[in-house]
Amino acid sequence: MRFSTIAAALLPVGAAFAQQTFTVKVGENGTLTYDPPTVNAQNGDTIEFQFLSKNHTVTQSTFAAPCSNITTNGVVTGVDSGFQFVPANATSFPVWSITVNNASTPLWFYCRQAQ
Ligand SMILES: *[C@@H]1O[C@H](CO)[C@@H](O)[C@H](O)[C@H]1NC(C)=O
Ligand SMILES: *[C@@H]1O[C@H](CO)[C@@H](O)[C@H](O)[C@H]1NC(C)=O
Ligand SMILES: *[C@@H]1O[C@H](CO)[C@@H](O)[C@H](O)[C@H]1NC(C)=O
Ligand SMILES: *[C@@H]1O[C@H](CO)[C@@H](O)[C@H](O)[C@H]1NC(C)=O
Ligand SMILES: *[C@@H]1O[C@H](CO)[C@@H](O)[C@H](O)[C@H]1NC(C)=O
C-alpha cells in the first residue's frame, strides 16, 4: 500500500497568525488515504494525525523518494509515528502530532505498511 501526503507552507514566514491545529485522518473508512492529503501550515502550527483503521504509519520521506524513510549514514533521521494498530471494533483512536518549525520546508509523509 502506498500513499503519501505533503505538509507544505505557502504563507509568509514570520507573519503573525494564531497557531492552528490541522487534523489529518489516516485510513478513514478503511481507505489508503491521508485526508486531507495536504495542509498549508505555518511555524508553530500542529498537525495531528488520527489513525482510524488497520495498522498504518506516518513516516517522513522526500519528494524524490516518496515511499522511503529518510536516512543519514544508515540511521533514520526523518520523523515517524511508528505502526499504529487500530482494532476493528475500536472506539478510541491513536493520535500522533508534529509541530511545524520551518514552514519554508515542505514535509512529505507516507505509510510504511506492506509494499
Ligand atoms: C468516509 O465516509 C464518510 C461518510 O460517507 C465520508 O464523508 C468521508 O469523506 C469518507 N472518507 C474517506 C477518506 O473516504
Ligand atoms: C502492524 O504492522 C507491523 C508491520 O507489518 C507489524 O510488525 C505489527 O505486528 C503490526 N501490529 C499489529 C498489532 O498487528
Ligand atoms: C527504512 O526504510 C528501509 C527501506 O524501505 C527499510 O529497510 C527500513 O526498515 C526502514 N527503517 C525503519 C526504522 O523503518
Ligand atoms: C474488541 O474485541 C476484542 C476481541 O473480541 C475484545 O477483547 C475487546 O474488548 C473489544 N473492544 C471493544 C472496545 O469493544
Ligand atoms: C528553513 O527551510 C528553508 C528552505 O528549506 C531553508 O532555506 C532555511 O535555512 C530553513 N531555516 C531554518 C532556520 O532551518
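Counting starts at 1 for both ligands and their atoms, following the listed order. Residue indices begin at 1 and follow the sequence shown. The structure presented is a predicted model; accordingly, all values stated were derived computationally and were not measured.
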Given 3.5 Å as the limit, does a donor-acceptor pair link the side chain of Gln113 with the main chain of Asn55, or not? yes
Pairs touching residues 63-76 that satisfy salt bridge (charged side-chain N to carboxylate O under 4.0 Å, His left out), sequence neighbours left out: none
Counting non-hydrogen protein atoms only, what is the nearest one to atom 4 (C) of ligand 5? Give residue, atom name and distance. Thr105 OG1, 3.5 Å
Closest protein heavy atom (residue, atom, distance) for atom 14 (O) of ligand 5: Asn102 ND2, 3.3 Å
Any idea which protein heavy atom is nearest atom 3 (C) of ligand 4, and the distance to it? Asn89 ND2, 3.6 Å
Considering heavy atoms of the protein only, find what lies nearest to atom 5 (O) of ligand 2 and give residue, atom and distance to 0.1 Å. Gln113 OE1, 2.8 Å
Is the shortest N/O to N/O distance between Ser104 and ligand 5 below 3.5 Å? no
If we count only N and O atoms by modelled type, under 3.5 Å, do the side chains of Asn69 and Thr59 hold a donor and an acceptor together? no
Do Val24 and Ile98 share a hydrophobic cluster (ILVMFWY, side-chain heavy atoms under 4.5 Å, transitive)? yes
Are there protein heavy-atom neighbours of atom 7 (O) of ligand 5 below 4.0 Å? no
For a quick test of your reading: what N or O donor-acceptor pairs under 3.5 Å do the side chains of residues 45-52 make, sequence neighbours left out?
from: Asp45; atom 1: OD1; to: Gln20; atom 2: N; distance (Å): 2.8
from: Asp45; atom 1: OD2; to: Gln42; atom 2: N; distance (Å): 2.8
from: Glu48; atom 1: OE2; to: Gln50; atom 2: NE2; distance (Å): 3.4

Are a donor atom and an acceptor atom from the side chains of Thr72 and Thr77 found within less than 3.5 Å of each other? yes
Could you tell me whether atom 11 (N) of ligand 2 has at least one protein heavy atom nearer than 4.0 Å? yes
Taking Asn29 for the side chain and Thr31 for the main chain, is one N or O donor matched with an acceptor at less than 3.5 Å? no
Heavy-atom nearest neighbour in the protein, as seen from atom 13 (C) of ligand 2, with distance rounded to 0.1 Å: Phe85 CG, 3.4 Å
Give the residue, atom name and distance (to 0.1 Å) of the protein heavy atom nearest atom 2 (O) of ligand 2. Asn55 ND2, 2.3 Å
